[in-house]
There are 2 protein chains.
Amino acid sequence: MKLNEGIEWAVHCCSILASLPPGMALPARKLAEFFDLPEHYLAKHMQSLSQQGLVSSSKGPGGGYRLGRPATEIALLDIVLAIDGPAPHFRCTEIRRKGPSGVDDKCYGKPCGIARAMWRAETAWRDELGKVSLEEIRHTGLEETPHEQLEKSLAWFGDALK
Amino acid sequence: MKLNEGIEWAVHCCSILASLPPGMALPARKLAEFFDLPEHYLAKHMQSLSQQGLVSSSKGPGGGYRLGRPATEIALLDIVLAIDGPAPHFRCTEIRRKGPSGVDDKCYGKPCGIARAMWRAETAWRDELGKVSLEEIRHTGLEETPHEQLEKSLAWFGDALK
DNA sequence: ATAATAACGGATATAACATATCCGTTATAA
DNA sequence: TTATAACGGATATGTTATATCCGTTATTAT
Ligand code: SF4
Ligand code: SF4
């Protein structure tokens with residue numbers, strides 16, 4: 001199993017948006033250019049974020065994306081779910097009731113212990129992602145980005161926003 | 001993202017093997033029949049379990065699979081990893097160093113905060129799966145299986161093992 | 001007004017991966 | 001000797017992820 005690559009892209013983009021001066025917006029085209037990503041495909045992911053309200057969009061020249069709410073109120077989990085969708089990773093197909101020993105569907109109430117254990121693990125995963133705010137991501141990112149790159153980025157965004 | 005369906009199959013099969021009388025073995029053919037699964041594909045998954053030592057196999061008539069060690073010493077995590085493989089679900093592609101602001105690779109030491117957060121969540125997931133033993137799965141399964149199905153299963157396996 | 005920008009949704013095309021089958025080989029028990 | 005069964009490799013099929021393309025609408029700048 002492999003997680004959608006778009007998750008990585010989306011988190012990076014949100015982190016950039018979180019550092020944007022208030023009132024400013026960045027179009028998908030610029031974000032794609034900055035990370036060297038396929039423009040139209042990234043745009044699709046940005047639209048997913050927009051549908052979830054994580055970012056707000058504005059059309060036309062000077063338009064683009066900005067955060068939909070403060071970075072302190074966006075969890076890593078929100079971004080992951082926006083891209084990955086809400087479906088649980090483990091989906092039981094009820095094989096217990098198949099085959100020669102299966103009995104009537106009515107006899108099976110709740111999902112079995114296997115499914116419950118898998119879902120517990122998934123809940124632990126989500127909980128952990130829920131604890132991390134975009135603001136933390138942004139802050140850590142800023143601290144750990146090489147100085148030289150920070151300067152180049154600032155200059156580049158300066159041009160882009162002009 | 002969707003987890004391999006084989007995980008569900010494999011856990012169910014291991015749970016059956018855990019209830020097998022000592023010394024007995026079940027061939028993949030019988031397991032597939034019992035759960036109404038594609039025989040050859042299930043066989044592939046059983047081979048994965050075998051490679052990891054979770055089950056031991058014996059060839060020839062009367063052969064098949066049995067547990068490779070006591071059910072108390074097999075974790076749900078072991079089975080999941082045997083089928084799903086050891087690779088982490090989140091794989092960062094280092095997009096931070098791409099694009100116009102990227103600098104030399106030497107400047108990036110450890111993985112960034114995004115990757116670390118994603119991996120922390122995955123660790124939480126694995127930890128949760130590591131806490132569940134196959135013996136618990138088996139026990140819970142036995143308790144929650146409808147009476148009628150238990151009887152049918154016992155009869156069916158009685159014939160199969162004869 | 002007009003032209004350029006940009007989000008948006010839908011329709012593709014392509015690549016990657018999961019699912020499933022098939023085959024030949026080896027080992028082993030009846 | 002025959003039948004069973006695991007094993008590994010090759011292949012086929014289906015489904016999902018990845019990526020592009022198009023037409024439309026909204027908005028800004030000229
Ligand atoms: S609910 Fe449990 S027993 Fe039923 S198919 Fe899902 S995992 Fe198997
Ligand atoms: S290590 Fe972090 S910054 Fe680098 S590509 Fe992975 S997620 Fe992005």
Side-chain angles (χ1 to χ4, degrees), chain A residues 1-10 13 17 23-33 35-66 68 80 82-85 87 89-91 93 95 160-162, chain B residues 1-10 13 17 23-33 35-66 68 80 82-85 87 89-91 93 95 160-162:
Chain A
M1 189 185 60
K2 187 175 159 292
L3 271 170
N4 198 316
E5 276 190 36
I7 290 176
E8 184 184 350
W9 305 356
C13 288
L17 295 184
M24 292 282 140
L26 266 181
R29 208 179 78 70
K30 287 290 170 194
L31 287 166
E33 206 179 322
F35 288 116
D36 193 22
L37 297 173
E39 175 182 337
H40 298 287
Y41 191 29
L42 175 63
K44 285 267 183 268
H45 290 313
M46 294 307 296
Q47 284 171 36
S48 298
L49 297 180
S50 177
Q51 279 164 22
Q52 299 302 314
L54 303 182
V55 302
S56 79
S57 64
S58 49
K59 293 178 178 178
Y65 294 100
R66 71 205 70 194
V80 169
I83 304 296
D84 199 40
H89 297 156
F90 178 83
R91 293 166 221 175
T93 52
I95 66 172
L161 290 170
K162 196 178 52 204
Chain B
M1 188 182 62
K2 185 175 160 291
L3 271 170
N4 197 315
E5 277 191 34
I7 291 177
E8 184 184 349
W9 304 357
C13 287
L17 295 184
M24 291 284 140
L26 266 181
R29 208 179 77 72
K30 285 292 169 191
L31 287 166
E33 206 178 323
F35 288 117
D36 194 22
L37 296 174
E39 176 183 336
H40 298 288
Y41 191 28
L42 175 64
K44 285 265 184 269
H45 290 313
M46 293 307 296
Q47 284 170 35
S48 299
L49 297 180
S50 178
Q51 279 163 21
Q52 298 304 314
L54 303 182
V55 303
S56 78
S57 64
S58 48
K59 294 178 175 177
Y65 295 100
R66 72 204 72 196
V80 169
I83 304 297
D84 200 39
H89 298 155
F90 178 83
R91 293 165 222 177
T93 52
I95 67 172
L161 290 170
K162 196 178 51 198

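Chain letters run A, B, ... following the sequence lines, proteins first and then strands; every chain starts at 1.
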For Lys59(A), give me all partners under side chain to side chain contact (heavy atoms under 4.5 Å, CB included), at least two apart in sequence or on another chain. none

Going by the rule side chain to side chain contact (heavy atoms under 4.5 Å, CB included), which residues pair with Ser56(A) if we only count those two or more places apart in sequence or in a different chain?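 Ser56(A) satisfies side chain to side chain contact (heavy atoms under 4.5 Å, CB included) with Arg66(A) once adjacent residues are dropped.
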
I need the [atom1]-[atom2] distance between [X] and [N], as an integer number of Å.
X	N	atom1	atom2	answer
Ile83(A)	dA19(D)	CD1	P	14 Å
Leu42(A)	dA6(C)	CG	C1'	14 Å
Leu54(A)	dA7(C)	CG	P	16 Å
Asp36(B)	dT19(C)	CG	P	17 Å
Tyr65(A)	dT27(D)	OH	C1'	15 Å
Arg29(B)	dA6(D)	CZ	P	10 Å

Which nucleotides of nucleotides 22-30 of chain C have their base under 4.0 Å from a protein heavy atom (B), which only their sugar-phosphate (S), and which neither (-), written as one string 5' to 3'? B---BBBB-

Okay, side chain of Asp84(A), backbone of Met1(B): is any donor-acceptor separation there less than 3.5 Å?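 At least one qualifying donor-acceptor pair exists.
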
What is the minimum heavy-atom distance between Ala25(A) and Ser58(A), and which atoms define it?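 Smallest interatomic distance, heavy atoms only, reads CB-OG, 4.4 Å.
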
Show the nearest heavy-atom pair for residues Val55(B) and Tyr65(B), with the distance to one decimal. CG2-CD2, 3.6 Å

Distance-only donor-acceptor hits, side chain of residues 41-49 of chain B, under 3.5 Å, sequence neighbours excluded:
from	atom 1	to	atom 2	distance (Å)
Ser48(B)	OG	Lys44(B)	O	3.4

Please check the phosphate of dC7(D) (OP1 and OP2 only) for any side-chain N or O of Ser50(B) closer than 4.0 Å.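 For dC7(D), OP1 or OP2 has a side-chain N or O of Ser50(B) closer than 4.0 Å.
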
Taking only the side-chain nitrogens and oxygens of Gln51(B), find out if one of them lies under 4.0 Å from OP1 or OP2 of dG8(D).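 Yes, because at least one side-chain N or O of Gln51(B) sits under 4.0 Å from OP1 or OP2 of dG8(D).
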
Under 4.0 angstrom, heavy atoms only, what part of the nucleic acid is Ala43(A) near: base, sugar-phosphate, or nothing?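 Ala43(A): no heavy atom of the nucleic acid under 4.0 Å.
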
Partner set under side-chain hydrogen bond (donor to acceptor under 3.5 Å, both in side chains) for Asp36(A), not counting sequence neighbours: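 Expected list: none.
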
With sequence neighbours excluded, what pairs up with Arg29(A) under the salt bridge (Lys or Arg N to Asp or Glu O under 4.0 Å) test?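 For Arg29(A), the residues satisfying salt bridge (Lys or Arg N to Asp or Glu O under 4.0 Å) (neighbours in sequence not counted) are Glu33(A).
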
Distance col, row Thr93(A):OG1 vs Glu5(B):CD, nearest 0.5 angstrom, shows 5.0 Å

Which atoms of nucleotides 12-18 of chain D (N or O only) lie under 3.5 Å from a protein N or O atom, and what are those distances?
from	atom 1	to	atom 2	distance (Å)
dT18(D)	OP1	Glu5(A)	N	3.3
dT18(D)	OP2	Asn4(A)	OD1	2.6
dT18(D)	OP2	Asn4(A)	ND2	3.4
dT18(D)	OP2	Tyr41(A)	OH	3.3
dT18(D)	O5'	Tyr41(A)	OH	3.4

